2 protein chains.
Amino acid sequence: MKVSNGVSNSATDETRHEGLDALLPDVFAADCASRGILEHVVSRWGVLVLASLLEGTLRFSALRRRIGGVSEKMLAQTLQTLERDGIVLREAKPVIPPHVEYSLTPLGRQAAHHVWTLAHWAESHVPQVESAREAYDEKRA
Amino acid sequence: MKVSNGVSNSATDETRHEGLDALLPDVFAADCASRGILEHVVSRWGVLVLASLLEGTLRFSALRRRIGGVSEKMLAQTLQTLERDGIVLREAKPVIPPHVEYSLTPLGRQAAHHVWTLAHWAESHVPQVESAREAYDEKRA
DNA sequence: CGGCATCCAAAAAGATACTG
DNA sequence: CAGTATCTTTTTGGATGCCG
């Protein structure tokens with residue numbers, strides 16, 4: 001991809017990440033495709049869809065019940081985006097009434113694992129963040 | 001409000017991807033505070049701010065140059081949110097012209113590490129995702 | 001330089017109704 | 001059941017101007 005654009009990405013760059021590849025498509029570049037992928041998986045509902053499907057295959061309505069507050073529209077949209085990116089697998093059985101199952105592709109399982117780690121981190125640091133917020137708010141009251 | 005205090009929270013278990021029905025402060029619950037934290041951290045610019053600051057302390061303008069496409073307004077907004085959450089540390093030197101440095105708190109370094117992992121994953125899977133998209137688009141053309 | 005306030009355009013999200 | 005279509009509301013983001 002774009003390793004040759006304006007934003008210094010070459011080897012003579014300042015301190016890069018120790019040990020991590022410095023020669024990839026760059027999320028910092030505004031036009032890099034990795035930004036788009038990242039956006040999809042960490043989107044508001046994308047995170048929760050991936051975390052849900054990590055538990056196993058789910059139907060549309062089950063997914064909707066699992067994820068508190070998601071609208072039918074946003075769930076459908078999120079699933080389509082992730083399906084297109086090869087992260088979620090959609091299997092529709094041609095019966096009436098419709099029966100559609102969603103699961104993770106191998107690629108999706110990788111993403112979901114990372115996303116889950118993040119979600120879990122957030123869950124376990126709620127108290128710390130809340131006390132930080134109190135301190136912050138008090139300091140400017 | 002939140003079930004964050006007192007309830008089964010201190011389970012810092014990393015590998016429980018199955019059968020997690022009603023066990024912890026739950027990102028799946030619409031009203032759980034962890035959702036908010038997660039949103040801040042994985043927000044469009046939040047991800048990139050954290051990844052940038054992982055490389056070291058940066059000034060406002062340096063951050064802006066580092067992150068392609070971010071506007072002044074959104075950068076300021078993102079930094080404030082993360083500062084309030086105790087993730088980013090802001091240090092303003094009372095000189096003219098102003099000199100403000102941003103860095104990560106210990107808490108922020110944790111978040112940034114997870115976020116970086118995700119960003120790196122996205123970067124390294126651009127080709128796979130792009131070919132998945134082609135296949136998807138072709139199948140419905 | 002590092003903001004903040006304001007205004008405006010655009011995109012995302014929600015509610016609702018309808019369909020195969 | 002699993003969506004789509006349409007409409008409205010909300011949120012987001014960019015541009016601009018001002019200020020310490």
Side-chain angles (χ1 to χ4, degrees), chain A residues 28-31 35-49 52-53 57-85 88-103 136-137 139-141, chain B residues 27-31 35-49 52-53 57-84 88-103 136 139-140:
Chain A
F28 294 108
D31 60 340
R35 280 271 266 275
I37 300 169
L38 196 54
E39 287 301 306
H40 293 166
V41 311
V42 305
S43 69
R44 178 156 187 202
W45 305 116
V47 172
L48 301 174
V49 165
S52 297
L53 292 180
T57 297
L58 289 174
R59 298 182 59 175
F60 186 88
S61 50
L63 219 31
R64 212 191 152 186
R65 279 189 301 274
R66 181 88 183 87
I67 302 173
V70 71
S71 72
E72 178 185 290
K73 175 186 165 182
M74 291 315 299
L75 182 56
Q77 200 175 96
T78 303
L79 285 168
Q80 280 175 17
T81 303
L82 294 175
E83 186 198 356
R84 181 167 180 266
D85 285 358
V88 157
L89 179 65
R90 177 183 186 272
E91 290 173 291
K93 306 187 176 179
V95 296
I96 294 176
H99 186 99
V100 183
E101 297 195 332
Y102 291 93
S103 57
Y136 180 92
D137 291 344
K139 199 168 62 183
R140 19 181 81 200
Chain B
V27 274
F28 295 107
D31 59 342
R35 280 269 267 274
I37 300 170
L38 196 53
E39 287 301 305
H40 294 166
V41 167
V42 304
S43 68
R44 180 157 185 207
W45 306 116
V47 172
L48 302 175
V49 165
S52 299
L53 292 181
T57 297
L58 289 174
R59 296 182 62 176
F60 186 87
S61 49
L63 264 174
R64 215 190 150 186
R65 279 189 301 273
R66 182 87 182 87
I67 302 173
V70 70
S71 72
E72 172 188 298
K73 177 185 167 182
M74 293 316 299
L75 182 56
Q77 202 176 91
T78 302
L79 286 169
Q80 279 176 21
T81 304
L82 294 175
E83 186 198 355
R84 188 169 108 99
V88 158
L89 179 65
R90 177 182 185 272
E91 291 173 290
K93 306 187 176 180
V95 297
I96 292 177
H99 185 99
V100 183
E101 296 195 334
Y102 292 92
S103 57
Y136 180 91
K139 199 168 64 185
R140 12 183 86 198

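Quick note on labels: first sequence line is chain A, next is B, and so on, each numbered from 1. Here the structure is a predicted model, which means the values were calculated and not measured.
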Exercise for review: Ignoring backbone atoms, establish whether Arg59(B) has a side-chain N or O less than 4.0 Å from OP1 or OP2 of dG2(C).
Suggested key: yes
Revision key, fill the gap. Rounding to 0.5 Å, atoms CG (Leu89(A)) and CG (Leu79(A)) come to a distance of 11.5 Å
Study note, to complete from the structure: Expected list for residues 70-78 of chain A near DNA chain C, using heavy atoms below 4.0 Å, is Ser71(A), Glu72(A), Lys73(A), Met74(A)
Check your understanding: Going from CZ on Arg44(B) to CZ on Arg35(A), what distance comes out if it is rounded to the nearest 0.5 angstrom?
Key -> 6.5 Å
Review point. Counting just side-chain N and O atoms, does Arg64(B) come under 4.0 Å of either OP1 or OP2 of dG2(C)?
Key: no
Check your understanding: So what does Pro98(B) touch, heavy atoms closer than 4.0 Å: a base, only the sugar-phosphate, or nothing?
Key -> base
Review point. Out of curiosity, Arg59(B) CZ to Arg64(B) CZ, how far, rounded to the nearest 0.5 Å?
Key: 14.5 Å
Check your understanding: Arg65(B) side chain N/O closer than 4.0 Å to the phosphate oxygens (OP1, OP2) of dC1(C)?
Key -> no
Review point. How many angstroms lie between CG in Leu58(A) and CG in Leu63(A), if you round to the nearest 0.5 Å?
Key: 5.5 Å
Exercise for review: Supply the atom-to-atom distance Ser52(A) OG to Trp45(A) CH2, rounded to the nearest 0.5 angstrom.
Suggested key: 11.0 Å
Exercise for review: Report which part of the nucleic acid Gln80(B) touches: base, sugar-phosphate, or nothing (heavy-atom distance under 4.0 Å, all strands).
Suggested key: sugar-phosphate
**Study point:** Five-pair end axes of the helix from dC1(C)-dG20(D) to dG20(C)-dC1(D), angle between them (10°)
**Key:** 50°
Practice item. May I ask you to test the Leu82(B)-Val49(B) pair for a side-chain heavy-atom distance under 4.5 Å? Key: yes
Point to revise | Whole-Å gap separating C1' (dG2(C)) and CG (Leu58(B)) | key: 15 Å
Practice item. For Gln77(B), check side chain to side chain donor-acceptor pair (under 3.5 Å) against everything at least two apart and list the hits. Key: none
**Study point:** Side-chain heavy-atom pair Leu38(A), Val47(B) within 4.5 angstrom cut-off
**Key:** yes
Check your understanding: Donor-acceptor pair, Arg90(B) side chain versus Tyr102(B) backbone, under 3.5 Å?
Key -> no
Exercise for review: Send over the distance from Lys93(B) NZ to dG3(C) P, rounded to a whole Å.
Suggested key: 14 Å
**Study point:** Counterpart residues, side-chain contact (heavy atoms from CB on, under 4.5 Å), relative to Arg65(A) (two or more places apart)
**Key:** Ser61(A), Ala62(A)
Practice item. Could you tell me which residues satisfy side-chain contact (heavy atoms from CB on, under 4.5 Å) with Gln80(B), sequence neighbours excluded, listed by chain and number? Key: none
Review point. Just the endpoints, please: which first and last nucleotides of DNA chain D, 5' to 3', lie under 4.0 Å from a heavy atom of chain B?
Key: dG13(D) to dG20(D)
